[in-house]
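Worksheet: the structure to be examined is printed underneath.
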Amino acid sequence: MTESNGPPPTTRRRFLTASLLAGGAMAAGGRAQAAGDPAILEVQPWAQVLGEGVDARPYGTPSQFESHVVRRNVPWLTADPISSVNFTPLHELDGIITPNGLCFERHHAGIAEVEPAQYRLMINGLVEKPIVFTLEDLKRFPRENHIYFLECAANSGMEWRGAQLNGCQFTHGMVHNVMYTGVRLRHLLERAGVRTNGKWVLAEGADASAMTRSIPMEKALDDCLVAFKMNGEALRPEQGYPVRLVVPGWEGNMWVKWLRRIEVGDEPWHHREETSKYTDLLADGRARRFTWVMDAKSVITNPSPQAPITHGRGHTVITGLAWSGRGTIPRVDVTLDGGKNWRQARMDGPSLPMSLHRFYFEFDWDGRPLLLQSRAHDSTGYVQPTKDELRQVRGENSIYHNNGIQTWYVNEKGAAENVEVS
Ligand code: MTE
Ligand code: CO
């Protein structure tokens with residue numbers, strides 16, 4: 001009897017049949033010892049030499065064999081990489097944390113290289129005492145650590161009218177999830193002394209795009225952070241080094257990077273990013289505005305077009321991510337047949353509000369084509385809609401805030417493709 005290191009097959013009989021058919025080479029994820037596999041029987045090259053010493057890699061980088069795990073862009077999406085976006089390789093990741101070097105980037109005027117000694121944050125407008133902080137000043141306020149997702153409002157925007165981009169990196173990769181260390185914006189506003197008519201703040205970036213967004217005072221005083229660390233280390237330049245605004249659960253555009261100024265006002269500013277951009281044109285010509293919160297959404301990351309099933313029929317692990325700007329994700333459903341039958345996925349890992357959640361669904365694949373979908377339920381009871389349900393309410397013109405259910409078609413060979421079943 002051969003032994004398998006893979007997960008237990010559904011039945012012993014099925015395991016036997018599979019290993020006989022495959023000549024004992026592969027069954028349910030494990031290789032048979034009897035096959036005489038040189039990878040385990042022979043001394044490998046890395047065991048015949050001494051490796052590099054401790055200081056060879058003072059700042060560690062991933063294995064050379066992981067060089068395909070990178071952010072990628074879609075060149076035809078934008079005219080120029082200076083005002084552009086690239087995407088997180090969600091299909092290569094597991095758990096809930098996005099490694100710093102893989103967080104998608106969205107810049108409107110390229111990456112600002114801000115010198116920390118020259119960094120200043122000003123608070124002005126309707127305050128008792130306009131004030132300017134250095135980076136050191138900021139670090140003397142009480143620090144907090146929180147894991148939050150950031151999702152660009154345009155994530156999945158190309159999918160609004162139908163399936164388009166072939167890979168969850170491209171359809172859903174404008175999201176990342178990191179632990180921020182920072183101080184509450186509330187503390188800084190209190191230091192400046194907000195006047196009674198101060199109802200809004202304007203966050204402004206130091207980059208050449210002078211990115212500005214209006215944020216209501218309630219949110220600014222609630223959970224917004226002025227953050228200087230991500231996953232324990234300094235923010236990366238791409239993510240706003242040395243300081244960015246964190247606006248939990250709200251669209252990524254408001255998370256101003258290279259934050260240089262917070263102005264307090266009595267009404268919103270109606271700047272470009274809240275009028276001609278980041279608004280949703282409805283069928284009747286009116287536009288939804290100030291659609292800040294990111295609704296519950298999910299996506300199966302494996303299998304997906306860039307990550308086919310390669311092991312053939314048998315025990316198969318489906319995994320994916322779910323998130324909501326309104327709370328946690330207590331439940332995700334998965335369907336294998338385009339929505340006819342739904343089954344509950346297994347959630348694993350921390351369940352934190354406004355953070356990515358990881359789900360798994362394990363099943364015995366019979367090798368027939370699949371129409372895979374996932375559907376998130378958030379802690380408010382909201383259920384992720386189909387794309388058709390979204391279009392019925394919002395029409396065909398939208399780009400932003402597409403949280404519709406995604407479908408992957410998996411053929412009998414395990415290859416996956418972006419399709420729509422609504
Ligand atoms: N802040 C500044 N100063 N400049 C920018 O171009 N882009 C915004 C936001 N903050 C932007 C910015 C947009 S649209 C998004 S989605 C997020 O930053 C992207 O954050 P990331 O690059 O860390 O993924
Ligand atoms: Co954005």
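As the structure lists them, so they are numbered: ligands from 1, and atoms in each ligand from 1.
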Quick one: which residue pairs count as a ring-ring contact (aromatic ring centres under 6.0 Å, His included) with a foot in residues 226-250, not counting sequence neighbours? W250-W292
Ligand 1 to Y278, heavy atom cutoff 4.0 Å, flagged ligand atoms 14 (S)
Tell me, which protein residue and heavy-atom name are nearest atom 18 (O) of ligand 1, and how many Å apart are they? R244 NH2, 3.3 Å
Check this for me - ligand 1, W258, N or O atoms closer than 3.5 angstrom, yes or no? no
Which protein heavy atom lies closest to atom 19 (C) of ligand 1, and at what distance to 0.1 Å? R106 CB, 3.7 Å
Would you say ligand 1 has an N or O under 3.5 Å from any N or O of K257? yes
Atom 9 (C) of ligand 1 - nearest protein heavy atom and its distance: G252 O, 3.3 Å
Positive for salt bridge (Lys or Arg N to Asp or Glu O under 4.0 Å) with E251, one of K219, R213, K277: R213
Looking at ligand 1, does any of its N/O atoms fall within less than 3.5 Å of an N/O of H107? no
Can you list the ligand 1 atoms lying under 4.0 Å from a non-hydrogen atom of H108? 5 (C), 6 (O), 7 (N), 11 (C), 14 (S)
Should the pair H176 and F104 be assigned to parallel (<30°), tilted (30 to 60°) or perpendicular (>60°) ring geometry? tilted
Ring geometry between W200 and F290 (parallel below 30°, tilted from 30 to 60°, perpendicular above 60°): tilted
Which part of E238 is near ligand 1, with near meaning a heavy atom under 4.0 Å away: side chain, backbone, both or neither? backbone
Which residues and atoms, counting only protein N, O or S, are under 2.8 Å from the Co ion (ligand 2)? C152 SG
Minimum heavy-atom distance between S83 and H108, given as atom pair plus value: CB-O, 3.6 Å
Within 45 degrees of the ring normal and closer than 6.0 Å to the centroid, is that where the cationic atom of R244 sits relative to W258? no
Side chains of T380 and D378: do they bring a donor and an acceptor to under 3.5 Å? yes
W342 versus R375: any side-chain heavy-atom pair under 4.5 Å? yes
Answer yes or no: is there a side-chain heavy-atom contact under 4.5 Å between R184 and D223? yes
Is it the side chain (CB and beyond), the backbone, both or neither of D207 that lies under 4.0 Å from ligand 1, heavy atoms counted? side chain
Is it the side chain (CB and beyond), the backbone, both or neither of L259 that lies under 4.0 Å from ligand 1, heavy atoms counted? neither
Aromatic ring pairing W255/Y148, orientation class (parallel under 30°, perpendicular over 60°, tilted between): perpendicular
Taking only heavy atoms of Q239, which atoms of ligand 1 are found under 4.0 Å from at least one of them? 21 (P), 22 (O), 23 (O), 24 (O)
When you check the side-chain N and O atoms of Q169 and Q306, is any donor under 3.5 Å from an acceptor? yes
Based purely on interatomic distance, does F104 place a nitrogen or oxygen under 3.5 Å from a nitrogen or oxygen of ligand 1? yes
